[in-house]
Number of protein chains: 2
Amino acid sequence: MSPTELPQSRLSSDVYSALRRQIVTGELRPNQPLIELDLAERLQVSRTPVRESLQRLAHAGLVVPRKRGWAVREFTPDEIRQNAELRMVLEGYAASLAATRGSPSDIAAIAAIHERRLKLRSSDEEMRVKTNRDFHDAIMCASGNERLTDAIYHSGQFYFNAPIARATTGEELSFGNADHAQIVAAILKRDGPAAERAMRSHIQRTFAVFWKVTGLHV
Amino acid sequence: MSPTELPQSRLSSDVYSALRRQIVTGELRPNQPLIELDLAERLQVSRTPVRESLQRLAHAGLVVPRKRGWAVREFTPDEIRQNAELRMVLEGYAASLAATRGSPSDIAAIAAIHERRLKLRSSDEEMRVKTNRDFHDAIMCASGNERLTDAIYHSGQFYFNAPIARATTGEELSFGNADHAQIVAAILKRDGPAAERAMRSHIQRTFAVFWKVTGLHV
DNA sequence: GAAAGCAAGTTTGTATGCAAACTTGCGTGC
DNA sequence: GCACGCAAGTTTGCATACAAACTTGCTTTC
């Protein structure tokens, strides 16, 4: 997990995780005002850990300040597009670094995850989502740049991962694997620029599917 | 300023700014333990706003949790290098976007700042630092991607800007301007890939000077 | 009937109280 | 003399108290 997911104390961290989850899953709807006392009562804690969690959520970009108090951030279609663009750049460079600086074992791990994913049936949605995340995680890890990895996490991708996973269709599985194959091939050839291009294209295509399915216009 | 610089309350925000400044300027040394009560007394507030500021500083990456309490984060040479790499990627893409999507007035502003900077004397250190920041800000602004801009701010560049500014020598002024000229030329030609390459090279060269001057090895 | 003002109620921002966890240092026993 | 343990002192984490700012709705007056 990201270094900014501080272990720190028990309660405050639990509250942070709980609120984050509820925001990401949509249980707390965008623009919904967050009343400290309400949250504190629902989570059976005092206002103090709630306040600290809200501060951290605000810094993470999931919560925004209002004239009075806080609200769940609403992402506009354009912000989602901008976020996708950011992720494309960051992960693209991670792929480039994985190709040029990744250790042999890092690269073997990436290839192994890819091979495993090729054998999945289209119907195994859950496993498809998991191996996809594993694939991207492995590349980030192989990049060897934790600041970069951290920025990718920070980029708020989690907020959109679940919807994208749900939105992507069986059809996407094929091009997804084809994209991954291209990325793996470039990394195996130690071709940084090719890996970067392949990853950028892959994320662009993924979000194109997302936008088609969700009907968002950008 | 970055959207994460929340206005929010008066006191808590003042404390955040004060602590951030003291960390960035080195007044609070790396690895120095941060005792809530000490900080509260020094800043003449109670522990509550101090605690909230520490949470936010931790999320910003300037402060790290210890078994007991917090400490000013110490950046290792490798983390500084990784940060430079991150900034290179982010600003590189910002330059690319500025070239391909920047409005004519955005691009005119970039060119104007560059022209202004060319006329500076080497001795005018303060103005040199200011126009440099203006130049990079103008490109970020022209990129039209606020998530990207935000990530650049978040990348913690401020932490290193002052040392870099001090470390860079008169010699750097020449290649700095040459680099900027290349970037401006690519943007004026609306050549995204060239702008991206030029910006990446520029930041790599800038940090090479920084490392030479500070004697850090990476 | 509408508008202005006042009062009651929310909700936040800050301070402080209190207990638990950890640290430190001294003393005692082996 | 060394090590272990206990006790005093820090320091944090959480809860709560209190005051200030803002909202809301009612009442009164024009």
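Convention: sequence-line order gives letters A, B, ...; per-chain numbering from 1.
Whole-Å rounding puts the Y16(A) OH to dC14(D) P distance at 16 Å. Between R51(B) atom CZ and dG13(C) atom P the separation is 16 Å, expressed in whole Å.
At least one side-chain heavy atom of R29(B) sits less than 4.5 Å from a side-chain heavy atom of Q32(B).
The stretch residues 33-49 of chain A touches DNA chain C through L34(A), I35(A), E36(A), R47(A), each having a heavy atom within less than 4.0 Å of the strand.
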Close N/O contacts between protein and nucleotides 20-23 of chain C (under 3.5 Å):
{"from": "dA21(C)", "atom 1": "N3", "to": "R68(B)", "atom 2": "NH2", "distance (Å)": "3.3"}

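In this model, no donor atom of one side chain and acceptor atom of the other lie less than 3.5 Å apart for N83(A) and E79(A). Side chains of R128(B) and N177(B): a donor-acceptor N/O pair is absent below 3.5 angstrom, by distance only. A side-chain donor-acceptor contact under 3.5 Å links R42(A) and Q22(A). In summary, the side chains of E52(A) and Q55(B) do present a donor paired with an acceptor at a separation below 3.5 Å, with no hydrogens or angles considered.
The minimum heavy-atom distance between N145(A) and L86(B), with the atom names listed, is ND2-N, 4.5 Å.
With sequence neighbours left out, R205(B) forms a side-chain hydrogen bond (donor to acceptor under 3.5 Å, both in side chains) with D179(B).
Note: H202(B) and H180(B) have perpendicular aromatic rings, judged against thresholds of 30 and 60 degrees for the angle between ring planes.
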